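Heads up, the thing below is written out as structure tokens.
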Amino acid sequence: MPARGEPIGSLLMNPGGPGGPGMSMAAAATKTLADSAVTEKFDLIGFDPRGVGASTPAIDCFTDAEIDAGESTTSVVVGAGTLTEEDTRRIVDRCADGSGGRDVLAHVGTRDAVRDMDILRAVLGDDKLSYLGQSYGTRLGAVYAEMFPQNVRALVLDGAINPRAGTDDRRISQWTAFQRSFDAMAADCATRPDCPLGTDPSKATEKFQSIVRPLAERPIVNANGTKLDFNAAYGAVTAGLYTSAVWPKIIEGIAEIETGRGDTLLALGAAFAGRDADGRYANFSEAVFAINCLDEQRHTPAEETDLKRRIQEVAPYTDSGQGPDGARDPCEFWPAEPTLGYPYATDIEGLPETLTISITGDPSTPYAGGLSLAETLGGSVLTVDGEQHTIAFAGTDKCVNDIVADYLINLKTPPEDARCSL
């Protein structure tokens with residue numbers, strides 16, 4: 001999307017995921033950032049990373065009908081279900097068949113995508129990269145800083161992934177934060193007498209379990225064939241926890257279950273998965289799986305089972321009551337070993353000032369991870385008080401907008417104690 005005024009360069013953008021398509025992000029920014037100096041001074045460039053969205057070949061492992069029916073399981077490290085060795089082999093075969101072969105699956109990791117980003121920078125004619133990445137997009141930005149520090153102009157990293165934390169530590173931290181957000185939602189709900197989680201917040205998780213655990217054996221099937229089983233229910237709740245603005249919809253959906261309906265939670269889950277009005281799904285979840293197979297650390301069955309046990313301990317709202325046994329790393333037969341490595345983006349020389357934004361109540365990329373990334377890169381951090389995941393792209397907070405614009409345009413970082421509140 002061309003700059004509204006005289007451009008000073010291009011701003012490459014990524015919404016996260018991994019697996020989030022970025023082309024529409026540039027178009028949407030003309031509305032969400034319509035009054036920002038950023039859209040006046042930069043040509044906005046959205047891109048779908050390799051394997052994602054409109055990129056070809058795109059990762060494709062399951063049909064839309066299989067996803068509707070709840071038959072598109074990859075990982076069972078959270079929620080209900082088990083995987084066998086045969087299952088994990090079959091998943092890889094399905095993904096290879098639908099995505100252009102095993103060679104494609106071997107080259108969709110973050111380091112592959114970062115090389116593509118540098119090609120995009122060169123094709124755009126920019127000597128240096130200006131970039132805004134959210135959530136997983138902060139990993140792309142951090143790894144770009146590691147691999148091409150000499151080509152960095154400005155990096156806004158919003159909702160940051162901790163580059164120092166390996167797979168296990170990061171997932172435990174993330175699910176601890178999701179449980180904290182669930183508890184905050186339950187406490188808010190408890191102030192109303194019709195709360196389906198009850199009026200005692202300390203018993204809300206137990207009440208939630210009593211409502212959703214029966215769905216593991218007796219799912220609710222919608223008229224269009226979509227199925228609300230335990231995984232779909234806790235998954236929809238998790239999707240809603242990304243921002244406190246959606247808490248009322250989560251509560252509405254939980255209340256519906258007790259009446260034998262699943263409309264609201266199914267709608268939340270469908271929106272998060274990218275299901276359109278015609279029942280077609282974006283390949284978001286399949287791309288998440290494939291990219292993570294090249295980014296995350298591999299586990300033995302015993303290690304995956306232990307991780308699931310630990311996740312159930314810190315986030316009991318995800319516990320189906322079936323125990324952790326039967327968890328298995330779905331990437332164990334992936335046609336390539338992981339290529340990211342932990343920690344990453346450390347000891348970078350010659351990197352310009354970066355700006356990391358971290359929200360205190362972020363359930364997906366917890367606040368401390370943003371502090372760790374800023375320290376690792378030797379850059380600035382903007383603390384934002386609030387209950388949501390990412391903010392820079394929303395255009396809803398003047399404090400954040402002004403700091404981001406001043407940094408991107410003038411390369412001016414905020415003072416050490418800078419703080420905004422949503």
Side-chain angles (χ1 to χ4, degrees), residues 8-16 18 22 38 41-45 47 49 109-166 170 295 339-359 365 367-384 390-393 400 403-418:
I8 61 175
S10 304
L11 178 65
L12 202 63
M13 311 176 78
N14 180 269
V38 171
K41 295 294 186 180
F42 287 94
D43 295 325
L44 305 184
I45 312 294
F47 71 104
T110 289
R111 293 194 180 276
D112 300 296
V114 163
R115 295 184 186 98
D116 296 338
M117 288 169 58
D118 198 54
I119 292 171
L120 283 172
R121 175 201 57 78
V123 169
L124 291 166
D126 292 329
D127 292 334
K128 305 280 187 178
L129 177 75
S130 296
Y131 173 76
L132 189 158
Q134 297 188 290
S135 195
Y136 164 77
T138 68
R139 175 178 283 173
L140 286 173
V143 175
Y144 187 94
E146 175 195 315
M147 295 176 68
F148 302 102
Q150 73 282 2
N151 293 343
V152 172
R153 177 186 174 272
L155 300 177
V156 176
L157 307 172
D158 178 23
I161 295 177
N162 186 350
R164 295 171 172 166
R170 194 179 63 261
D295 278 6
T339 54
L340 178 61
Y342 292 92
Y344 56 85
T346 58
D347 302 320
I348 303 172
E349 296 184 1
L351 184 66
E353 276 284 335
T354 60
L355 175 61
T356 296
I357 303 172
S358 200
I359 300 178
T365 51
Y367 176 68
L371 301 184
S372 178
L373 177 60
E375 183 180 13
T376 301
L377 297 180
S380 298
V381 61
L382 171 62
T383 292
V384 180
T390 74
I391 183 59
F393 179 68
V400 174
I403 289 172
V404 169
D406 201 16
Y407 168 69
L408 284 174
I409 295 167
N410 303 313
L411 300 179
K412 181 181 177 181
T413 55
E416 191 172 326
D417 60 350

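Owing to the predicted nature of the structure, the values given are computational and were not obtained by experimental measurement. Side chains included, hydrogens not; waters and symmetry mates left out as well; all remaining heavy atoms used. Residue numbers run from 1 in the order of the sequence given.
With sequence neighbours excluded, no residue forms a salt bridge (Lys or Arg N to Asp or Glu O under 4.0 Å) with E353. Residues passing the side-chain hydrogen bond (donor to acceptor under 3.5 Å, both in side chains) test with T356, sequence neighbours excluded: none.
Shortest non-hydrogen contact noted between G22 and P15 is CA-CD, 3.7 Å. Taking all atoms of both residues into account, the shortest heavy-atom contact from V384 to I357 is CG2-CG2, 3.8 Å. Nearest heavy atom pair, residue A392 against residue V400, reads CA-CG1, 4.2 Å. The two residues V381 and A374 make their nearest non-hydrogen contact at CB-CB, 3.8 Å. The shortest heavy-atom contact between Y342 and L340 is OH-CD2, 3.7 Å. Smallest separation of non-hydrogen atoms from Y407 and T354: OH-CA, 3.3 Å.
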Please evaluate residues L132 and V38 with respect to the criterion side-chain contact (heavy atoms from CB on, under 4.5 Å), reporting the C-alpha separation (whole Å), side-chain torsions for both, the decisive distance (0.1 Å), and the verdict.
CA-CA 11 Å; L132 189 158; V38 171; over 6 Å; no

Residues M13, F393; criterion side-chain contact (heavy atoms from CB on, under 4.5 Å); working and verdict:
CA-CA 10 Å; M13 311 176 78; F393 179 68; 3.9 Å; yes

Report the C-alpha separation of L129 and F148 in whole Å, then their side-chain angles, then the decisive distance to 0.1 Å, and conclude whether the side-chain contact (heavy atoms from CB on, under 4.5 Å) test is met.
CA-CA 10 Å; L129 177 75; F148 302 102; over 6 Å; no

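Atoms CZ and CG, on R139 and L157 in that order, are 13.0 Å from each other to the nearest 0.5 Å. The structure places CZ of R170 at 11.0 Å from OG1 of T365, a figure rounded to the nearest 0.5 Å. Atom CZ of residue R153 and atom CG of residue L408 lie 7.0 Å apart, to the nearest 0.5 angstrom. Note that OH of Y344 and CG of L373 are 7.0 Å apart. Values are rounded to the nearest 0.5 Å. The distance from atom CD1 of I45 to atom CG of N14, rounded to the nearest 0.5 Å, is 13.5 Å. Atom CG of residue D43 and atom CG of residue L12 lie 12.0 Å apart, to the nearest 0.5 angstrom.
Judged by distance alone, the side chain of D295 and the main-chain N or O of T110 form a donor-acceptor pair under 3.5 Å. With D112 contributing its side chain and G109 its backbone, the two residues share a donor-acceptor pair below 3.5 Å. Of the possible polar contacts, none joining the T390 side chain to the D158 backbone as a donor-acceptor pair under 3.5 Å is found. At distances below 3.5 Å, not a single donor-acceptor pair connects side-chain atoms of D126 with backbone N or O atoms of K128. Formation of a donor-acceptor pair under 3.5 Å by the T376 side chain with backbone atoms of S372 is found in this model.
Counting heavy atoms of neighbouring residues, nucleotides and ligands inside a 6.0 Å radius, atom CD of E349 does not exceed 12 of them. No more than 12 heavy atoms of other residues, nucleotides or ligands shown are found within 6.0 angstrom of NZ on K412.
Side-chain contact between P414 and L355 is present, with heavy atoms from C-beta onward closer than 4.5 Å.
A donor-acceptor pair shorter than 3.5 Å cannot be found between the side chains of Y131 and R121. A donor-acceptor contact under 3.5 angstrom links the side chains of T383 and Y367, judged on distance only.
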